[in-house]
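Just below is one structure, and these are the notes that go with it.
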2 protein chains.
Amino acid sequence: MLTERQLLILQVIIDDFIHTAQPIGSRAISKKDDVTFSSATIRNEMADLEEMGYLEKTHSSSGRIPSEKGYRFYVDHLMSPFYLSVGDVKRIHNMFGDRMMEFERVVNKSAQVLSDLTNYTSIILGPEVFETELKQLQILPLNAHSAVAILVTNTGHVEHRSFSIPVGLDPQDLEKIVNILNEKLKGVPILQLNKKIESEVVDLLKKHTKDYQKAEQYIQAALFNEQPTKLYVSGKTNIMMQPEFKDIEKVRSLFSMIEEETQIAPILRSQAHGINVMIGKENEHEAMRDCSLITASYSLGQQHMGTIALLGPTRMEYSKVISLLNELSNQMSKTFKVWYQNS
Amino acid sequence: MLTERQLLILQVIIDDFIHTAQPIGSRAISKKDDVTFSSATIRNEMADLEEMGYLEKTHSSSGRIPSEKGYRFYVDHLMSPFYLSVGDVKRIHNMFGDRMMEFERVVNKSAQVLSDLTNYTSIILGPEVFETELKQLQILPLNAHSAVAILVTNTGHVEHRSFSIPVGLDPQDLEKIVNILNEKLKGVPILQLNKKIESEVVDLLKKHTKDYQKAEQYIQAALFNEQPTKLYVSGKTNIMMQPEFKDIEKVRSLFSMIEEETQIAPILRSQAHGINVMIGKENEHEAMRDCSLITASYSLGQQHMGTIALLGPTRMEYSKVISLLNELSNQMSKTFKVWYQNS
DNA sequence: TGTTAGCACTCACATCATCCGAGTGCTAAT
DNA sequence: ATTAGCACTCGGATGATGTGAGTGCTAACA
């Protein structure tokens, strides 16, 4: 549909615009090394490309800039693969080589490195706990009226929650409850905890404890406070360095969205596995009209765990970002496999 | 030193400027209810106030705005007490009334509410663990080569860390180590953990375990990964709504500072107990040149725990902010006392 | 002697005209 | 089919001009 020459021109324009953020004119294109034809020819071709919707003008006599359709075409067909520098790859690998094995830390660090390497904003959706299993439950009284409940999963994820001890609960019963819970719940997938408790634990509790009501209350407090998926964001200030975000109102609306977990988390969660690119208005959220969002998923075996994303202007270094995300998500998946697969 | 009339004029100017962010002229002042004298008189007085350094002009024929010295005087001598609305007080109290007793949550929520009530940015420095004691240490193997260490303090604070099990460490020894550590370290203040281990635990370990080297390594990994004090920030976008922050470069430098824990934490930590007000250049940090920072401390009994701060433009509602911070820090101290004092 | 009315003066800011140059579209020549 | 040439467009920079809010100063007044 597009001639070789048109492809070349489109590619030159996008590559250039990604780095300069300036409209590019026919004369400038004609000076590029691999362009052999004159500026007049280029003007004609550009007019055609504009008519087809791949290019835009900022005003009637300006140079051209890529349209969103142009970016989409670029990403799908035109983009040349980006070869990560040895240093960049090393930085990614190093995060996993360390003895620093805290899950949360690795993810957090990943977000930092990613925003650092790209100068965009990185957002990582922490692992969903769905398929993980309870490794151990512990309830530790702190004093007469408060205690802390600690829940460890087989992936090394730790949840803890302080709460008041229901007045009048027998300390003896406390211990019994914990023992019962541990015995019955160890190895149970987190998602099924609730069902399991109803089906097998409740009766036991009734039998062994004086005050079942209190105990029930107790368990509820300890286990079932909502625990939203963690979101790791890094490099928010990078956004403000992009020339397309000189306008503070734009930045503000974008920031509010990112800070609101309930806004951004579902967007990341709804992305398909693998690499996804959302360009400009392809993002349904108002504030992301002139941003692109690139997402990659990471997993534990077949099990999808979470999403890594980079947010930047539509004028984004797609090629580099995609390579980085690929590298990181592979590395994460690989590492987590080693850590947890055979647990 | 200042006449009654000058005090009145200074107060009117600051009160007005705090709300409008506009320079205020003699005519406007003369129209205020409690001002009885003419604009010409006011002009003379303003000229004097300017000479004394309490007021400034933005250009030679503009109205006056408060100088930093003016704000300082206002905060120290002029400010009328702010009576919090019943609703606001309720919102603060409610946070503590709930069964939601997670320490981190209360602090986090506090930051949110604070930024919400003021439209400034709130920063809370989480509790230092200095004087808290180790309640329990637990090491839980997840699989053949990784484990999670969990450390609980008497205040219900939980730290956890995943790490690799040194290759070749005998599982038998693992249990022994944990037992020894627990026996010897229970009740020891966190700060003295290291010393205590050296003085009492090391010898025991040498005696009871086959491979002391490995064990040492193990303990190091589990306990002494740096754990920076948590920082809770909320309402960053509020800054961008202030007219003095239309300039994106200003916002960016401020944001970078806030996001960098190593920058902002020491500043908060170094504040004296009670309420502190830092106006404009009184803040040594470059990016805070035209901000004010108001801090309040919260404590557990006599023991200082952490700092609550509000960051806004120098044109800040000092009176309201101080009242709110007072209310919150008192409430926090009071609540924590009930929770942990008699543990 | 303190207060006030009056007035000339200042300066930011908005508006408007002008100029410049990068870039286009179109036409005609190659 | 390509390209040189040229008239045209428009954003952005520069400068002149007017307006109005606000000042400082002087002189009159209580």
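Heavy atoms only: backbone and side chains are in, while hydrogens, waters and symmetry mates are out.
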Spacing between [X] atom [atom1] and [N] atom [atom2], to the nearest angstrom:
| X | N | atom1 | atom2 | result |
| --- | --- | --- | --- | --- |
| B/I42 | C/dT3 | CD1 | P | 12 Å |
| A/I9 | D/dT2 | CD1 | P | 10 Å |
| B/D16 | D/dA21 | CG | P | 16 Å |
| B/R64 | C/dT10 | CZ | P | 16 Å |
| A/E4 | D/dA1 | CD | P | 18 Å |
| B/E45 | C/dT3 | CD | P | 7 Å |
| B/I65 | C/dA12 | CD1 | C1' | 14 Å |
| A/D48 | C/dC26 | CG | C1' | 14 Å |

| field | Close side-chain approach of B/R315 and B/P243, heavy atoms under 4.5 Å | value | yes
| request: State, with a plain yes or no, whether a side-chain heavy atom of A/M316 is found less than 4.5 Å away from one of A/V277. | output: no
| field | Out of D/dT23, C/dA5, D/dA4, whichever nucleotide has its closest atom nearest the side chain of A/S38 | value | D/dA4
| request: Measure from the side-chain heavy atoms of A/T41 and tell me the nearest of D/dT2, C/dT4, C/dT24. | output: D/dT2
| task | Determine whether more than 12 heavy atoms belonging to other residues, nucleotides or ligands lie under 6.0 Å from atom CZ of B/R72. | result | yes
| OP1 or OP2 of D/dA21 sitting under 4.0 Å from any side-chain N/O of B/S62? | no
| Do the side-chain N or O atoms of A/R5 get closer than 4.0 angstrom to the phosphate oxygens (OP1, OP2) of D/dA1? | no
| message | So if I take residues 52-60 of chain B and measure heavy-atom distances to DNA chain C, which residues fall below 4.0 Å? | response | B/H59, B/S60
| query | Are A/F255 and B/F255 near enough that their ring centres are under 6.0 Å apart? | reply | yes
Pairs: protein N or O with nucleotides 13-22 of chain C N or O, under 3.5 Å:
none

For [X] against [Y], the heavy-atom pair lying closest together:
| X | Y | value |
| --- | --- | --- |
| B/G70 | B/I14 | O-CD1, 3.6 Å |
| B/K320 | B/L84 | O-CD2, 4.3 Å |
| A/I29 | A/I9 | CD1-CG2, 4.3 Å |

| task | Starting from the 5' end of DNA chain C, give me the residue, B/S39 or A/M46, whose nearest nucleotide shows up first. | result | B/S39
| task | Return yes if the base of C/dG25 and the side-chain atoms of A/R43 contain a donor-acceptor N/O pair under 3.5 Å, otherwise no. | result | yes
| field | SB check B/E259 B/K236 (cutoff 4.0 Å) | value | yes
| task | Would you check if there is a donor-acceptor pair between the side chains of A/T41 and A/S38 at a distance under 3.5 Å? | result | yes
